[in-house]
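Notes to accompany the following structure.
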Amino acid sequence: MKVQKIFDSFMGDSIFKDKYVLQSNYTPQTIPHRDKEIEQIASILAPALRQEKTSNLFVYGNTGTGKTLSIQYLKEELLKRKDKSPLRIEYLNCKLRKVADTEYRILAELIKKFGQEVPATGLPTDQVYNKFIEVIEKEKQLIILVLDEIDQIVKKMSDSFLYNLMRINTELSKTQLSVIGISNDVTFLDNIDPRVRSSLSEEEIIFPPYNALQLQDILKNRAEIAFKKSVVGEGVIAKCAAIAAREHGDARRALDLLRVAGELTERDNLNKISLRYIDQANEKIEKDKILTIIETEPKQFQAVLVAIIQLSEKNKERFFTGEVYQVYQDVCKRARMEMLTQRRIGDIISEFDMLGLINASVISKGRYGKTREIRLAISRQIIEKAKKIVNESLGFV
DNA sequence: GTCAATTCACATGAAAGAGACCACGGTCTAGTG
DNA sequence: CTAGACCGTGGTCTCTTTCATGTGAATTGACGA
């Protein structure tokens, strides 16, 4: 039986010793090549141990450069050392949908961390605000608030929330609050209120991308714990590192690559990861990412995607917003669904651009107007799969 | 030929509506003593 | 008398629509050489 075989191979020797080490939520003991940054941050945060308010800090760097990891590490260390001093460090990721992407929800989440509950909705925001202040003022303490992906806050709402947050110290009598903002987009500092900017980035630290050699180091460290001996073939780590280095030095990417390559190897019942599995892994990651995005997208978005795919199939490479809208209207008619306005479709298209499903750039065709030039950014094989998913979900056959 | 004005086809912004969700407080109802 | 059911009000949140304004260069058309 095939099933038995599959299970057998899982029961038998795995090439993994501890796969968890390669997952993104794993916190390693050491963080290679980040000593300098960690030291800098440490010296900024150190006053907290003496009950002094620390400067607000803005940490910037691409994804997978160890920002979050470093902060988490320092958080642990600080809390270890704090003795009885009333220091609290709260970490909050502002990107998590449905958890912390509005002012209200962030406050609610923070209040929850301080051990109180607020309803998910229904209260006026300023009431939640007051509640938050009340909660943190209950006892004298020093609070360091870590806001990961802080750029999302500004993107989704205005910067007024940050402004309030920066100002909140004036409303506090006992407690003091400092903020650490983590972002992978520096440009976001440019479009926020200068007052907020200057107080948020009292201190600024940049995490540069890892280069290929550093990535190799990181991978080696983890691979030793993650895999059994002599599982990782010649050059495998170097290749993972090279691919990830090409993509902005993203360590998370490199680790994913290694993990998926391992999984694929295991699935083929081999006990040594060879180079060709890295390529496979690279494809698989890309494909999975795109397909899950497509799958989870709402119907209207899928309809737009259908339109884009149809256009790219017949009408050569590039096309424009207006064309997409026309085909989209057609798609809607066939699927018997409501049509959205062109205004909205424009937004949807730019969201696709952000997701990386398409490449779109605004161009001017002079006399013939200004529009977005759109190109599908999905490879052929994935398109077929994507088409299937989307057609099914819209009820086409 | 040169130069500014024109014009297109949208982009981009702001505001506001619709519909879903929810908390809160007041009123009504039925069950209890 | 009281707990619970049932409303109405007022709040948030998301997705949209409506209205308004912006925009970059090909085209046009007037102008001067």
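Just so we're on the same page: letters track the sequence lines, and every chain starts at 1. The structure presented is a predicted model; accordingly, all values stated were derived computationally and were not measured.
A cation-pi arrangement is found for A:R88 relative to A:F114, the charged atom lying closer than 6.0 Å to the ring centre and inside a 45° cone about the ring normal. Figure legend: A:R375 and A:F319 shown without cation-pi pairing, the cationic atom not lying both under 6.0 angstrom from the six-membered ring centre and within 45 degrees of its axis.
Taking atom CD1 on A:I349 and atom C1' on B:dC10, their separation rounds to 11 Å, with Å as the unit. Taking atom CG of A:L340 as the reference point, atom P of B:dG17 lies 19 Å away to the nearest angstrom. Summarising the geometry, the separation between CD on A:Q127 and P on B:dA23 is reported as 13 Å, rounded to the nearest angstrom. Between A:I106 atom CD1 and C:dT12 atom P the separation is 15 Å, expressed in whole Å. Summarising the geometry, the separation between OH on A:Y104 and P on C:dG10 is reported as 18 Å, rounded to the nearest angstrom. Distance A:R344 CZ to B:dC10 P: 18 Å, rounded to the nearest Å. In this structure, A:I374 places its CD1 atom 8 Å from P of B:dA11, rounding to the nearest Å. Atom CD in A:E297 sits about 14 Å away from atom C1' in C:dT14, given to the nearest Å.
When distances run from any side-chain atom of A:T341 to the nucleotides C:dT17, C:dC13, C:dT16, the shortest one goes to C:dT17. Closest approach to the A:T371 side chain among C:dT16, B:dC10, C:dC13 is made by B:dC10 (side chain taken as heavy atoms from C-beta onward). Nearest to the side-chain atoms of A:R343 among the listed nucleotides C:dT18, B:dC10, C:dA25 stands C:dT18.
The pair A:E247-A:R252 does not meet the salt-bridge criterion, since no charged nitrogen lies less than 4.0 angstrom from a carboxylate oxygen. Taking a cutoff of 4.0 Å between a charged side-chain nitrogen and a carboxylate oxygen, A:R253 and A:D256 do not qualify as a salt bridge.
Contact between the side-chain N/O atoms of A:R372 and the OP1/OP2 oxygens of B:dC10 is not found at any separation under 4.0 Å. Checking the phosphate oxygens (OP1, OP2) of B:dA11, no side-chain nitrogen or oxygen of A:S350 falls inside 4.0 Å. For A:S364, no side-chain nitrogen or oxygen approaches OP1 or OP2 of C:dT23 to under 4.0 Å.
Looking at which nucleotide of DNA chain C each of A:K365 and A:K370 is closest to, the 5′-most match is held by A:K370.
Using a distance-only test at 3.5 Å, with no hydrogens or angles considered, no donor-acceptor pair links the side chain of A:R372 to the main chain of A:N359. No donor-acceptor distance shorter than 3.5 angstrom exists from the side chain of A:K284 to the backbone of A:A261, with no hydrogens or angles considered.
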Tabulate protein N/O versus nucleotide N/O from nucleotides 27-31 of chain C, keeping only pairs under 3.5 Å, one per line.
none

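Residues A:E77 and A:K80 have side chains in contact (heavy-atom distance under 4.5 Å, counting atoms from C-beta outward). Side-chain contact between A:I182 and A:L147 is absent, with no heavy atoms from C-beta onward closer than 4.5 Å.
Taking the screw axis at each terminus of the helix from B:dG1-C:dC31 to B:dG31-C:dC1 from five consecutive base pairs, the angle between the two is 20° to within rounding of 10 degrees.
Legend: residues meeting ring-ring contact (aromatic ring centres under 6.0 Å, His included) with A:Y20, ordered by chain and number and at least two apart, are A:Y26.
Both A:I143 and A:F58 belong to a common hydrophobic cluster when Ile, Leu, Val, Met, Phe, Trp and Tyr are linked at side-chain heavy-atom distances under 4.5 angstrom.
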